Amino acid sequence: VQAVNPGAKAVRLTESTSKEFAQINWIKPEIIAVPSKHGAAPIYSRVYRDKKTQTGERKPVVMFVHGAGYLQAAHHGWSNYFREMMFHNLLVQQGYVVIDMDFRASAGYGRDWRTAIYQRMGTPELEDYEDGIDWLVDNANADRNRVGIYGGSYGGFMAFMALFKSEKFAAGAALRPVADWAHYNHGYTSNILNTPDVDPDAYARSSPIE
């Protein structure tokens with residue numbers, strides 16, 4: 001509460017978190033720009049690491065893929081994926097390096113970024129994650145041979161595409177994934193892939209099953 005006077009001091013009335021939660025030394029993820037090797041703009045990303053993960057032998061990597069396709073994750077604020085953000089802190093404690101990328105089609109980067117996946121869902125985004133691996137190897141003491149990827153919904157779809165289309169991922173978890181866009185919400189999918197009867201090739205190349 002604050003008096004309606006210039007310069008008045010604000011006084012906190014309540015605490016919304018537990019004492020245990022407040023005592024945790026949460027990692028403030030770094031916002032980095034991963035260079036694209038595929039003609040795209042830099043891929044802004046959140047990287048979770050600490051001093052321990054940056055010394056000694058190269059560390060395993062967990063790559064997180066946000067859902068919806070068009071969300072924005074790389075910003076200076078508490079993540080909409082607060083559970084995953086806490087999980088990423090736990091992973092760092094266990095010796096992993098974690099990256100959360102605003103791959104092509106993510107919101108906040110303009111029309112060309114948003115529409116880059118037109119008729120080819122899962123291809124530009126996968127290129128961005130492969131570029132993310134290169135950045136982590138060069139800059140974050142990451143082990144190229146121990147990279148896992150996970151996400152839910154669109155993130156689950158991308159975990160499928162990464163495991164089926166690339167040799168760069170050693171493990172993955174596809175949570176509540178889309179396995180074939182022909183069976184998904186028409187209002188969402190038709191804006192990106194048209195419809196299966198009009199553009200079957202776009203559906204085929206964008207389908208993990210295919």
Side-chain angles (χ1 to χ4, degrees), residues 1-34 42-103 105-109 125 128-129 132-133 135-137 139-143 146-160 162 169-178:
V1 65
Q2 180 177 348
V4 189
N5 298 317
K9 183 178 180 180
V11 178
R12 173 176 285 191
L13 300 181
T14 62
E15 295 283 349
S16 62
T17 59
S18 67
K19 292 181 180 179
E20 293 81 2
F21 185 93
Q23 289 172 354
I24 296 174
N25 185 24
W26 297 105
I27 295 170
K28 181 180 179 181
E30 304 165 58
I31 306 298
I32 57 99
V34 173
I43 310 139
Y44 284 93
S45 308
R46 277 182 163 179
V47 174
Y48 297 78
R49 53 180 170 174
D50 63 11
K51 292 181 179 179
K52 291 182 179 179
T53 62
Q54 300 307 289
T55 58
E57 66 176 12
R58 289 185 174 270
K59 301 303 188 287
V61 173
V62 172
M63 309 189 91
F64 173 63
V65 188
H66 66 65
Y70 52 79
L71 297 182
Q72 185 177 25
H75 55 77
H76 293 288
W78 189 257
S79 174
N80 287 331
Y81 285 90
F82 56 90
R83 297 178 188 88
E84 288 78 3
M85 190 173 183
M86 292 187 285
F87 178 51
H88 298 161
N89 274 259
L90 177 62
L91 288 172
V92 173
Q93 293 174 16
Q94 298 297 318
Y96 292 85
V97 176
V98 182
I99 190 169
D100 177 1
M101 306 187 75
D102 276 343
F103 50 88
S106 297
Y109 302 95
E125 310 96 299
D128 294 343
Y129 273 86
I133 295 173
W135 188 93
L136 292 171
V137 170
N139 299 280
N141 196 36
D143 186 344
R146 292 191 291 166
V147 178
I149 186 168
Y150 89 100
S153 189
Y154 201 93
F157 157 71
M158 280 306 304
F160 271 160
F169 299 89
L175 313 178
R176 56 191 185 278
V178 176

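Here the structure is a predicted model, which means the values were calculated and not measured.
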Engineer: Cut-off 3.5 Å, no hydrogens considered: what does the side-chain donor-acceptor table look like for residues 76-87, sequence neighbours left out?
Structural biologist:
residue	atom	partner	partner atom	Å
Ser79	OG	Tyr81	N	2.9
Tyr81	OH	Gly67	N	2.6

Engineer: Report the distance from atom NE2 of His88 to atom CD of Gln93, rounding to the nearest 0.5 Å.
Structural biologist: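 His88 atom NE2 to Gln93 atom CD measures 13.0 Å (nearest 0.5 Å).
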
Engineer: Look at the side chain of Gln54 and the backbone N and O of Ala140, then say whether any donor-acceptor pair between them is shorter than 3.5 Å.
Structural biologist: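 The answer is yes, because a donor-acceptor pair under 3.5 Å joins these two groups.
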
Engineer: Please check if the distance between the ring centroids of Phe157 and Tyr154 is under 6.0 Å.
Structural biologist: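 Yes; Tyr154 has its ring centre under 6.0 Å from that of Phe157.
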
Engineer: Side chains of Ile149 and Val65, heavy atoms from C-beta outward: is any pair under 4.5 Å?
Structural biologist: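 Yes. Closest side-chain heavy atoms under 4.5 Å.
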
Engineer: Under a 4.5 Å cut-off applied to non-hydrogen side-chain atoms, are Val1 and Leu13 in contact?
Structural biologist: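 They are in contact (side-chain heavy atoms under 4.5 Å apart), so the answer is yes.
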
Engineer: Of all heavy-atom pairs between Gln2 and Ala8, which one has the smallest distance, and what is that distance?
Structural biologist: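 Heavy atoms only, the tightest pair is NE2-O, 3.0 Å.
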
Engineer: Rounded to the nearest 0.5 Å, how far does CZ of Arg58 lie from OG1 of Thr53?
Structural biologist: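 Between atom OG1 of Thr53 and atom CZ of Arg58 there are 12.0 Å.
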
Engineer: In Å, rounded to the nearest 0.5 Å, how long is the span from CZ of Phe103 to CG of Leu71?
Structural biologist: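 Answer rounded to 0.5 Å: 8.0 Å.
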
Engineer: Minimum heavy-atom separation for Phe169 to Met63, with atom names?
Structural biologist: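 Closest heavy-atom pair between Phe169 and Met63: CE2-SD, 3.7 Å.
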
Engineer: Of the non-hydrogen atoms in Gly95 and Pro60, which two are nearest, and what is the gap between them?
Structural biologist: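 Heavy-atom minimum between the residues: O-CD, 3.7 Å.
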
Engineer: Measure the shortest side-chain to side-chain distance between Asp128 and Val34 over non-hydrogen atoms and say whether it is less than 4.5 angstrom.
Structural biologist: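 No, their side chains stay 4.5 Å or more apart.
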
Engineer: If we only count heavy atoms from C-beta on, is the Tyr44 to Ile32 side-chain gap below 4.5 Å?
Structural biologist: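 No, too far: nothing below the 4.5 Å cut-off.
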
Engineer: Write down the atom of Pro177, the atom of Gly156, and the distance for their closest heavy-atom approach.
Structural biologist: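 Heavy atoms of Pro177 and Gly156 come nearest at CB-C, 3.6 Å.
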
Engineer: Could you walk me through whether Val92 and Val97 pass the side chain to side chain contact (heavy atoms under 4.5 Å, CB included) test, one step at a time?
Structural biologist: CA-CA 6 Å; Val92 173; Val97 176; over 6 Å; no

Engineer: Counting distance only, does the side-chain N/O of Arg146 pair as donor-acceptor with the main-chain N or O of Lys59 below 3.5 Å?
Structural biologist: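 Checked: no pair found.
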
Engineer: Could you grab the distance from atom OH of Tyr150 to atom CG of Leu91, nearest 0.5 Å is fine?
Structural biologist: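 Reported to 0.5 Å precision, the distance equals 6.5 Å.
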
Engineer: Any side-chain heavy atom of Val98 within less than 4.5 Å of one from Val47?
Structural biologist: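 Counting from C-beta outward, Val98 and Val47 never come under 4.5 Å.
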
Engineer: Measuring from atom OG of Ser153 to atom NE2 of His66, what distance do you get when rounded to the nearest 0.5 angstrom?
Structural biologist: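 One finds 11.5 Å between OG of Ser153 and NE2 of His66.
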
Engineer: Is there a donor in the side chain of Asn89 and an acceptor in the side chain of Tyr48, or the other way round, less than 3.5 Å apart?
Structural biologist: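 Per modelled atom types, Asn89 and Tyr48 side chains form no pair under 3.5 Å.
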
Engineer: Test your reading of the model: is there a side-chain donor-acceptor pair from Arg46 to the backbone of Ala73, 3.5 Å cut-off?
Structural biologist: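 Here the side-chain-to-backbone pair exists.
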
Engineer: Would you give the length of the straight line joining atom CD of Gln72 to atom NE2 of His75, rounded to the nearest 0.5 angstrom?
Structural biologist: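 Output value for this atom pair is 6.5 Å.
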
Engineer: Could you check whether any side-chain N or O of Asp102 sits under 3.5 Å from a backbone N or O of Ser45, counting only pairs where one atom can act as donor and the other as acceptor?
Structural biologist: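 Not a single qualifying donor-acceptor pair exists.
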
Engineer: Quick test of your reading: applying salt bridge (charged side-chain N to carboxylate O under 4.0 Å, His left out), list the pairs with at least one residue in residues 18-32, sequence neighbours left out, ordered by first then second residue.
Structural biologist: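 Applying salt bridge (charged side-chain N to carboxylate O under 4.0 Å, His left out) to every pair that reaches into residues 18-32, excluding sequence neighbours, yields Glu30-Arg49.
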
Engineer: Okay, side chain of Asn141, backbone of Glu57: is any donor-acceptor separation there less than 3.5 Å?
Structural biologist: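 Here the side-chain-to-backbone pair exists.
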
Engineer: Taking the six-membered ring for Trp and the full ring for Phe, Tyr or His, determine whether the centres of Trp26 and Phe21 are under 6.0 Å apart.
Structural biologist: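 Yes, the ring of Trp26 comes within the 6.0 Å limit of the ring of Phe21, centre to centre.
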
